[in-house]
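Down below is the structure, laid out as C-alpha cells.
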Number of protein chains: 2
Amino acid sequence: METHRKGKTAVGRPRGFDAEEALERAMRVFWEQGYEGASLTDLTEAMGITRTSMYAAFGNKEELFRKALERYTEGPASYAARAAEEPTARDAATAFLTGSVRATTRPDSPAGCLGVQSALAAGGPGRNARDALIAWRNEGVAALRDRFVRAVDEGDLPPGADPGVLARYLMTVANGIAVQAASGATREELQPVADAALRDWPPA
Amino acid sequence: METHRKGKTAVGRPRGFDAEEALERAMRVFWEQGYEGASLTDLTEAMGITRTSMYAAFGNKEELFRKALERYTEGPASYAARAAEEPTARDAATAFLTGSVRATTRPDSPAGCLGVQSALAAGGPGRNARDALIAWRNEGVAALRDRFVRAVDEGDLPPGADPGVLARYLMTVANGIAVQAASGATREELQPVADAALRDWPPA
DNA sequence: CTCGTTCTGTACTGATCGATACGCAAGTAT
DNA sequence: ATACTTGCGTATCGATCAGTACAGAACGAG
C-alpha cells in the first residue's frame, strides 16, 4: 500500500487545483485572522476548494497551519535566513531589522507577522498552533545567536559581546515591529525605529 | 425607571458575588487564552458565576473584555502611567521598559501582555476586540510622545530629538518584550534586552 | 469496455459557540 | 403580609465550529 504520490506516476483522478497556490491563500488567511479566527469556511473559500479536498490534501486545520507556517518561513520571512548570510554581524542585524520592517508592512500582504500574530495566546484547541509558533520564534533567536557566536569568533563583534543577548534583543525589536505594524504603523514610521535600535550596535 | 445602581440604596435581590473579583478573574482568562480563545464557559467558570449573571453584570463578551482591559490598564499595566511621571525622559523610558519586563514576567500572572496577545489578529467576531487593543496601544504611544515633547521643552531631551520616534521606539521594544515573554523568555533574559534598548538614549 | 484508484461536491455529524427565556430565590418598600 | 424589583439556575436557542460519509466524477491500467 502506497499512500504518497510518487512523482509523475499519477493514478486516479488528478487534483483539480494547485496545492501551492491553495496553501499560499490559506497562509494569508491565517496571517490576517489568526489560527483561531480562521474558520474552515474562511480558509476553503479563500483556497477555492471544498472542505473535503482540503482534508485530503493537507490533513486537518492544524497541519494546514504548520504547512502555511513553513511556506511563510520560506517566503515572506525568508529575509531572516538571508540576513544571517551577510558578511558581518552589523550587516546581518541591519538586514534582519530592515527585512522585518519591509515584510510586516508590504502593501499587498496582511500587516504584521504571521509568526507573531496568528497565535500568541490561544484556548485549548489552538494550543498546538501557539506552541508551534513559540518554537518558531525561539528557533529564530537561536539562529541569530549562532550567527553572532561566529561573529565573535571572526572578530566582527568584540570579545566581550554576548551573542545571546544580542540575538534576543534583535528578535525582541523585530517582534515589536510586527506588533506595531499590526497596529497600523507604516513603513515610514517603523524604519526609524529599526535605525534607532541599531544605533548602539557593538563596533567591530 | 432607574436602571443604574445608586450607591447604597439597593432594591431587589443583592448580587451574590464580588463584581471586581469576577472581573479580575475574567481578565486573567483573556490574558492567558486571548479574546477568541476564551469561551463563555471558560470565563464564567473562572469567575465563579453563571452565564446569566455575567450577562446581567457586564453586558456581553465584548463589553466584558473592554472592562477587563480597563482593569488591566489600571492594574498590571499601571507602570506605564507611573513611568510618565518620572522626572526626566530617561527615567521615564527606563521605568517604562523595566515595568514592561516585570509586568510580562510575573510568576503569579500569565506571561506576556494582555494588550498585545489577547487579540493581535482576529476573525469577524473578534474584530472589535482587536480594534480596541490597537487603539489601546496607540494611546500608549501618544502618551509617551506627549511626555517626550514636554521633555524637549524642559531640556532633558536635546532639541533635535524626535519625540514621536522615541515614543514609537519604546513601545516597539515593550511590545517585543511582551511577545518574548509569551514565548517563554524569563525576566533574567529580558532585563538585559531592556538595558540594551536604553543604552543609546539621547543625553540631556 | 471494465476495474481500481483518487479527487470532488453535497449533505451531514456531534460538539461548542455566544446569548436568552423563564421560573424561582432573595432582597426592599409600603 | 403583599407588591415590586432584581439576581440566580436551568434548560435551551439558532449559528457555527472542525471534521466526515457517501456517491459520483475523472483519470490510468488491463
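Convention: sequence-line order gives letters A, B, ...; per-chain numbering from 1.
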Exercise for review: Calculate the interatomic distance between A/Met54 atom CE and D/dA18 atom P; express it in whole Å.
Suggested key: 9 Å
Check your understanding: Say you draw a straight line from OG1 of B/Thr172 to CG of A/Asn175; how long is it, rounded to the nearest 0.5 Å?
Key -> 11.0 Å
Review point. Given atom CZ of A/Phe58 and atom P of D/dA18, what is their separation to the nearest angstrom?
Key: 16 Å
Review point. Is the A/Phe148-A/Trp201 ring centre distance short of 6.0 angstrom?
Key: yes
Practice item. Answer with yes or no whether A/Arg51 presents, from its side chain, a donor or acceptor under 3.5 Å of a partner atom in the base of C/dG9. Key: no
Exercise for review: Check whether more than 12 heavy atoms from other residues, nucleotides or ligands sit under 6.0 Å from atom CZ of B/Arg187, and answer yes or no.
Suggested key: yes
Review point. What integer distance in Å separates A/Phe17:CZ from C/dG9:P?
Key: 10 Å
Exercise for review: Using only heavy-atom distances, decide whether a donor-acceptor pair under 3.5 angstrom links the side-chain of A/Arg13 to the base of D/dC27.
Suggested key: no
Practice item. Tell me whether the centres of the aromatic rings in A/Trp31 and A/Phe65 are closer together than 6.0 Å. Key: no
Point to revise | Selected nucleotide, minimal atom distance to A/Pro14 side chain, candidates D/dA18, C/dT8, D/dA26 | key: D/dA26
Exercise for review: Please step through salt bridge (charged side-chain N to carboxylate O under 4.0 Å, His left out) for the pair B/Glu20 and B/Arg71, ending with a clear verdict.
Suggested key: CA-CA 9 Å; B/Glu20 291 298 315; B/Arg71 188 177 175 87; 2.7 Å; yes
Check your understanding: If you count the non-hydrogen atoms of other residues, nucleotides and ligands that lie under 6.0 Å from CZ in B/Arg106, is the total more than 12?
Key -> no
Check your understanding: Which sits closer to the 5' end of DNA chain C, B/Lys61 or B/Thr52, going by the nucleotide each is nearest to?
Key -> B/Lys61
Check your understanding: Below 4.5 Å, heavy atoms only, C-beta onward: do B/Leu43 and B/Met54 meet side chain to side chain?
Key -> no
Review point. Tell me, which of residues 20-49 of chain B have any heavy atom that sits under 4.0 Å from an atom in DNA chain C?
Key: B/Ala38, B/Ser39, B/Leu40, B/Thr41
Review point. Please, what dot-bracket string fits DNA chain C when only Watson-Crick and G-U pairs with both distances under 3.5 Å count, crossing ones use [ ] and pairs to another strand use |?
Key: ||||||||||||||||||||||||||||||
**Study point:** Crowding at CZ, B/Arg102 (>12 non-hydrogen neighbours, <6.0 Å)
**Key:** no
Practice item. Taking only the side-chain nitrogens and oxygens of A/Thr50, find out if one of them lies under 4.0 Å from OP1 or OP2 of C/dT8. Key: no
